[in-house]
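Below, read A as the first sequence line, B as the second, and so on, with proteins coming before strands; counting in each chain starts at 1. Small disclaimer: the values here were computed from a predicted structure and weren't measured. Atom set for the values below is all heavy atoms of this structure, side chains included, hydrogens, waters and symmetry mates excluded.
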Amino acid sequence: MTTENTHLEKRSLKNVVIRFVGDSGDGMQLTGTQFSATSALLGNDIATFPNYPSEIRAPQGTVYGVSGFQVHIGESAVHTPGDDVDVLVAMNPAALKTNLSSVPPGKTIIVDTDSFTKKNIAKAGYEENPLLTSQMDPYVVIEAPITSLTLESIKDIGLDKSSADRSKNMFALGMVYWMFSRPLEHTIDFFKKKFKNKPLVIEANIRALKAGYNYAQTLELMPSPFVVLPAKMEPGTYRIINGNTATAWGFMAAAEKSGLELYLGSYPITPASDILHELAKHLHFGVKAFQAEDEIAGVVSTIGASFAGELAITTTSGPGLALKGEAIGLAIMMEMPMVIVNVQRGGPSTGLPTKTEQSDLLQAMYGRNGESPAIVIAASTPENCFDYAFIASKLAVEHMTPVILLTDGYIANGSAPWKIKTVEEMPEIKNRKVTGVEGTYEPYERDPETLARTWAVPGTPGLEHRVGGLEKQDITGNVSMDPENHQHMTKIRQEKVDRVANYIPELEVEGAQEGDLLVVGWGGTYGSLFTAVNSMYENGEKIGLAHFNYINPLPKNTKEIFKRFKKIVVCELNMGQFHMVLTSHFPEFEYYKHNKIQGLPFSVVELMNKFQQILDNK
Amino acid sequence: MTTENTHLEKRSLKNVVIRFVGDSGDGMQLTGTQFSATSALLGNDIATFPNYPSEIRAPQGTVYGVSGFQVHIGESAVHTPGDDVDVLVAMNPAALKTNLSSVPPGKTIIVDTDSFTKKNIAKAGYEENPLLTSQMDPYVVIEAPITSLTLESIKDIGLDKSSADRSKNMFALGMVYWMFSRPLEHTIDFFKKKFKNKPLVIEANIRALKAGYNYAQTLELMPSPFVVLPAKMEPGTYRIINGNTATAWGFMAAAEKSGLELYLGSYPITPASDILHELAKHLHFGVKAFQAEDEIAGVVSTIGASFAGELAITTTSGPGLALKGEAIGLAIMMEMPMVIVNVQRGGPSTGLPTKTEQSDLLQAMYGRNGESPAIVIAASTPENCFDYAFIASKLAVEHMTPVILLTDGYIANGSAPWKIKTVEEMPEIKNRKVTGVEGTYEPYERDPETLARTWAVPGTPGLEHRVGGLEKQDITGNVSMDPENHQHMTKIRQEKVDRVANYIPELEVEGAQEGDLLVVGWGGTYGSLFTAVNSMYENGEKIGLAHFNYINPLPKNTKEIFKRFKKIVVCELNMGQFHMVLTSHFPEFEYYKHNKIQGLPFSVVELMNKFQQILDNK
Amino acid sequence: MTDTNKPVYTFKDFASDQEVRWCPGCDDYVVLRSIQKALPLMNRKKEDFVFVSGIGCSSRFPYYMDTYGIHGIHGRAAALATGIKLANHDLSVWIATGDGDSLAIGGNHFIHLIRRNIDVNLILFNNEIYGLTKGQFSPTSLIGQKTKSSPFGNIQPPFHPGELAIGSGSKFFARVAGGDTKLQQRIFVEAEKFEGAAIIEVMQNCVIFNDGAYDKYTDKAVKSDAQLRVEHGKPMIFGKENNKGLVLEGLKLKVVTIGENGVTEGDILVHNAIDPDPTLHLMLARLEMPIVVGVIRAVPGKTVDELCNLRLAETRAKSPFKSVNDLFASGETYEVK
Amino acid sequence: MTDTNKPVYTFKDFASDQEVRWCPGCDDYVVLRSIQKALPLMNRKKEDFVFVSGIGCSSRFPYYMDTYGIHGIHGRAAALATGIKLANHDLSVWIATGDGDSLAIGGNHFIHLIRRNIDVNLILFNNEIYGLTKGQFSPTSLIGQKTKSSPFGNIQPPFHPGELAIGSGSKFFARVAGGDTKLQQRIFVEAEKFEGAAIIEVMQNCVIFNDGAYDKYTDKAVKSDAQLRVEHGKPMIFGKENNKGLVLEGLKLKVVTIGENGVTEGDILVHNAIDPDPTLHLMLARLEMPIVVGVIRAVPGKTVDELCNLRLAETRAKSPFKSVNDLFASGETYEVK
Ligand SMILES: Cc1ncc(C[n+]2csc(CCOP(=O)(O)OP(=O)(O)O)c2C)c(N)n1
Ligand SMILES: Cc1ncc(C[n+]2csc(CCOP(=O)(O)OP(=O)(O)O)c2C)c(N)n1
Ligand code: SF4
Ligand code: SF4
Ligand SMILES: [Mg+2]
Ligand SMILES: [Mg+2]
């Protein structure tokens, strides 16, 4: 139960996974974020995974009130927050209980012994104090009376008990900083800035942090610090960004690049709300972040703003997308540019609102009445949410049609280093606005290549015209119930989306370029899939990864790539939705499926086992 | 232009197609309905197709104000309202203009010459009076001054001009009755009942009817009457029914059979509103037809009524289904029985609201967030809307899950003879209500065979429990965010729907049981597909028809049937949605596609050409 | 916002080339003509007008106007209009909507449009029926009304648009008979001048499915006794002989006759449309006989679209960030070499 | 509808076995306890209670009640409740809902529930914020309120639930402070007795995202001066010394002090909750200081669920059709031999 019997050597590790867990009120998210930022500043690559309960502030000490933040730091590129935890910081028994199974034997667990009171132990569902049982034997357990040491360290500054209590996470962080030889400056600066007007709070947190660091340093029982060297990353200026912020920023960049103003019509919903929050901050860039009365008003006002000439987007999660279906159909009929962001979460219905899933793919494809094709694309990492938000805007505006951008709770809340881009280095976006025409304006006249129509915005003299949801006559856009015209227009709307394939990059394979097994994925599972495939590839397997960011239309070379492999496995966090799309497009291939629907990302080990099995069998 | 040059023999026809066309205000729907009913009473089989504009009462004489009613009568079974028109009754130039192309050369056209005024001719978009041009040469044109003859016939009964005018459709009907040797009694009775308190209206209509009949009889230019003998139909008592009425009645029968009360929560929308109208009439059967404030309230109140223990349904068309998606997900999570009827119309968006289409199949399958499988079935004729409404209710109640029933504007508004069924001859419906349990009630305990849970209704002592949209713990139904449980429940919900395959009939093939070409269809296209396949089969082709009423799950023997044919063609009034479902289920087959998206049903000729082509090529 | 150098239009400039397809005799024709006549009086550029609608007979309105327009989806016109106005505050945005469109399926957007006081003009064609879907009862249909969906008579009590609007915070509410083109034109002009959500209820007769719904107010014979036309600053006098008026008795309105029982013109209430307190406006909106027409309430106030734009402009002017590049490079960044 | 032979319950009978998961200190706990205490007073069978909700912190309510319940989807509780009541008029149906749930996304169902006067009791937990989604402004948030989605301060004017409800035709409106369990219990009992849609606004404090929103009414120090508790038939007197009261001055309410300026208790307005005319009720609902709590309006009237059931029963009794077989065989049928 103590580390007396374990003899760890001072290790230099390539990658380490650290998980901070405690009560929702214990500040674990902040702790995790600080550790990540400090590590990134040292040049580590990082990937993070916050995991919190759906209650705002669940009763203290309960298992469902446990909030966690996991970070994976590495000296080579890291692509997932990691499967197995190397260091677990558990602030109470409930946190220990719910997280122990993620810690392999031999790994380190730090616990706050002060929190192992009878009451807390019972609340966590333990019969007896787990620290006193043999179940802790396999681990390196570091027991520290964190709460009391924290209180002790700040007792003289005159903070009330509950505020003082709240500094204990910094004590824990201090300990971990020492373990990984991290400097304290970044976090100290953070507090100084954040609580400018609360000197007591600054003081308490800094003291706790230092006390934790010093405690760890002087404590005999503590294993020697780990060393994680800086990762080899492309040179440049970086910042840590999470997927939702990256999404918001991608849209702002697209607005600036295209010379349009950014409009967001949205209704809060987990885990998409942070995009709204972020955009609401940026009035200075002309961003109008309108919180509507519901999802329908959110998307419909977006159509209005698009009609009026803005770069118009709406953001939501699964249930919200369901409500927006009818209006997306209107935008398709009106052929208006707009982006619908769906940050996927666990379904069906309210489902698992704070968990991740990829089960809205078919809804994005088909969740509307009639033949109503939309462009569907998906981001695959926290940082490339920036790129795909940008690309979604570009495609919408240049092809005059709605684009659905899928992300998910996992990449939306996860963070990673982002090599800062500038507007200048982003591709051009040419909007199709017209300011005048010879003769009558024909709103449904099209660019012969993209089949996009033009964008005539109210306020432009001479281009007055009406659009709407009834079938349109070709060219004029007048209402038409003519049978042939309807068939013609239906095909044009489809063709317009199909031709987007000419404007998107071809699919690239990572790992083996041909061979035994092609792993197919899409969206937010990239990190785990890549890590698994890459490590098997490096081990000599003929395995490659084809990860899709473009779902509708599919990249033109998809079939050609599928042909190069003996076996194909489609991996998704759903029951096989992309598998269904692929099968219907390319029925000539046989596909294996690997699906997980637990509200959690894939673990790398699980994937590698699965792939090995497929490679071995048959 | 007159019939002087044509010499028709008195003909006995097996099947005749008659189309009445005129202004929306000309009473063409009534005229057509009367002709159909009278013919059915004589023992003909019939199929009808009303086709009216989306304007309520478009300005007189315009082409978009033309309203039509087509009826196909036969002495053998008829399955479609027919492709080519044998007799066209055109009440004005616009009606002639928009319908002429459906009349093959040699066929008969009756026109009201009084309506061929300069103004009307121009409104119809003709440059000159078409009756005076050579374009009428190929037809047997019967020119009659219908309006003036009508006015003449009733001038002395003292009706105002516009009311008098309105009787001219009866004059035309009288002429057609004579042509087909139909008795006038049925229609006379109809007026006597319908206008009990308006003797003048009765008198005017009867007089006009008789005048038309007599005019035709005495007119030298009239071809001799056609004869259509009674069809050979199963003996029994029949009535004419349209699809929407049959749907309503099917639900009422299901309610009576299951011992439940019927609840409808709906919002009006073309072409589904008539189901609401019909159910609103039947208070005496305890039917609660609640017109809600919108589609969402319609479906959500239906979930409430289901929770409270009623046979609960909601009815809508495409855009309405889009709005209901989120709530259907809730019903799937709550595992509540209910039926959602979608009377499909032309899409996307508002689309072609009065036209038919089959483009909501994928929406029915996937138009919701998360993994949310629902049972999907489709009626295929006006009269079997009764059966599938009944079956939908049975499946919902016995399997405790939402069922989506697809019909379409074509069968919903079309009429056919229905051999009356009694409640006694319908299959049992066993609801899964519980009135008490030993120990605690576990709402998510399941029947081991169907996986259906039980139905504990408020008001039942001791079974108090809570359900909702968050993921449920297995057995208890408590909220659970547990990863393994989520995966387990997701699979159970899928499995429950999949197992319905054990409770539905196997797919049957009509025509050749194996051979060269299997025609695959689903829903409302049955009539045309059957007629086309049957006639080719009778001509010796090895062609069969597999028409699907069960879409999700598919009948268990589907694959086995597909195997028996060399080629398969999937025919749909959309861009290939069922094709996509089939391909993803059975990628081992190659499918031809035949799709039409014009807001119109397939024509038999078009189908036969297509099938021949497939048989010939390759 | 109005410019000064405006071209001069006639009503023909606002008629599109699409044939009007309402039933002959429908009041919608009158309103269409009223709008086409009122727009030229507004001193605005043609290209700045946008007509937005949902679905319904009345919602076909935009097709008949030679302006920018959207024929939207059922019930969502207010949300479309909100997006348009937030995007471009300078446009003159009009909503044509039915009682089903705005009070049934669109009820939520209707009340929120009003709450936010978005600067649009909403013409509510209240025919107390669903026209386009061929005659079901609507949320303004009367108790007992027999319709396709209420064959035994409607049992759902109606909304009163004026009360619902003011209950939602409405700052501008007007009412007018469907056939009264003169008053319509005046109200439309006032609505356009008003900054905020102007709600105009038109008592619109549907000749096909609910003919005569307003006869008791609009029949030639009773009209002048049955309609009280209010005007800001004027006494509330009406009647064939212009001798009836409204007075307050406790918390109730009462009709009196000038010259009878010692009542003089001076006793008659004077209409104050700009009083922020809605008490009297609500009483007027609620009055059943006479029915009150004209602009009942017109209280100046902030509009969210204007506030949104103002704040944007201010923040922008003050911000050191001129490009997103500045944002991206700000705060915590670090170098990798 | 109440039976006579009822088992006797205590509040424990209504507590489910699920752990309550609101933030410590949240007013929702108080309301939960008030309900659990009030239900035993209602003389109804436990199995006849149904609690329905949407999504939000407050919408978790049904899980904590040992009754039938649905935790629905966001905004749709009123529609669920309508279906339940139409299906089974005998149940006692309760809605627990937030200001976001019922006034933002659920606004349409809220106003239509009221219009139809469906016989349910709706507890509106108005914390002027979105709690569950962690702190965005709601349709009752104040202008200027800084929240996650309004970092520069909210610019959307709030709804006043009482005005919106009465504007929608509300017949029962009550208000109560989130911590006032006594008054809550009394109101809940009255609401249950009332036949029709009873709307109960709870001024609920969210300790996390909008702490102190109602302090000016609920702080111990100011409470008795800042809250006026109305009771039908009683004069509207309040204040620490119980000497303040409301009088009417023209069309405005005014606070006076008994004993000052010759004001006597007899001058004070007496509350008439059952007056169908909403004028005074609206004034009371609108009053800002003191805020009026208690049952402001309780006007008897028809409920659509009852009408629907009555009519069904009548028609059924009179009809010659006993089975659908009779219908199918009626009218125009014909024989094929
Ligand atoms: C989502 C959706 N639901 C229903 C409809 C059908 N629908 C079209 S218009 C309408 C009501 C029309 O009534 P109102 O708004 O009063 O307009 P009016 O025709 O009376 O002018 C309905 C129910 C639709 N088009 N879309
Ligand atoms: C369709 C849909 N949209 C959005 C959400 C996200 N959501 C859940 S609760 C809520 C608002 C909660 O606020 P309120 O109703 O005031 O309840 P409170 O938490 O304050 O009690 C929102 C926006 C959702 N669950 N479903
Ligand atoms: S149905 Fe009624 S509202 Fe619609 S166009 Fe005709 S008269 Fe006007
Ligand atoms: S967030 Fe606010 S409303 Fe929600 S439980 Fe916590 S204190 Fe209550
Ligand atoms: Mg209407
Ligand atoms: Mg709230």
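Per-residue heavy-atom pair counts under 4.5 Å with chain C were compared for D:His160, D:Arg115, D:Gln156, and the maximum is reached by D:Arg115. Counting heavy-atom pairs closer than 4.5 Å to chain D, the top residue among C:Glu163, C:Arg116, C:His109 is C:Arg116. Put simply, of D:Gly301, D:Ala165, D:Gly169, D:Gly153, the one with the most heavy-atom pairs under 4.5 Å next to chain C is D:Gly153. Comparing C:Asn108, C:Ile166, C:Ile155 by how many heavy-atom pairs each has under 4.5 Å with chain D, the most go to C:Asn108.
Near-neighbour residues of residues 281-288 of chain C relative to chain D, defined by a heavy atom under 4.5 Å from a heavy atom of that chain, comprise C:Leu282, C:Met283, C:Arg286. Of all residues spanning residues 311-319 of chain D, those with a heavy atom less than 4.5 Å away from chain C's heavy atoms are D:Arg311, D:Thr315, arranged by number. Against chain C, the residues from residues 302-310 of chain D that qualify, each with a non-hydrogen atom under 4.5 angstrom away, are D:Val304, D:Leu307, D:Cys308 in number order.
In terms of modelled atom types and a separation under 3.5 Å, the side chain of D:His112 and the main chain of C:Leu103 share a donor-acceptor contact.
Heavy-atom neighbours of D:Lys322 NZ from other residues, nucleotides or ligands within 6.0 Å: above the threshold of 12. At most 12 non-hydrogen atoms from other residues, nucleotides or ligands lie less than 6.0 angstrom from NZ of D:Lys146.
Residues satisfying the side-chain hydrogen bond (donor to acceptor under 3.5 Å, both in side chains) test with D:His271, not counting sequence neighbours, are none.
Contacts of C:Ile114 with chain D are absent, with no heavy-atom separation under 4.5 Å from either backbone or side chain. Both the backbone and the side chain of C:Phe152 come within contact range of chain D, each with at least one heavy atom under 4.5 Å from a heavy atom of that chain. Proximity to chain D involves both the backbone and the side chain of C:Pro139, based on heavy atoms less than 4.5 angstrom apart.
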side-chain contact (heavy atoms from CB on, under 4.5 Å) evaluation trace for C:Ile111 with D:Phe159: CA-CA 9 Å; C:Ile111 60 178; D:Phe159 277 137; 3.7 Å; yes
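Closest approach of C:Ser168 and D:Leu164 over heavy atoms only: OG-CD1, 3.6 Å. Between C:Leu251 and D:Asp277 the shortest heavy-atom distance is O-OD2, 4.3 Å.
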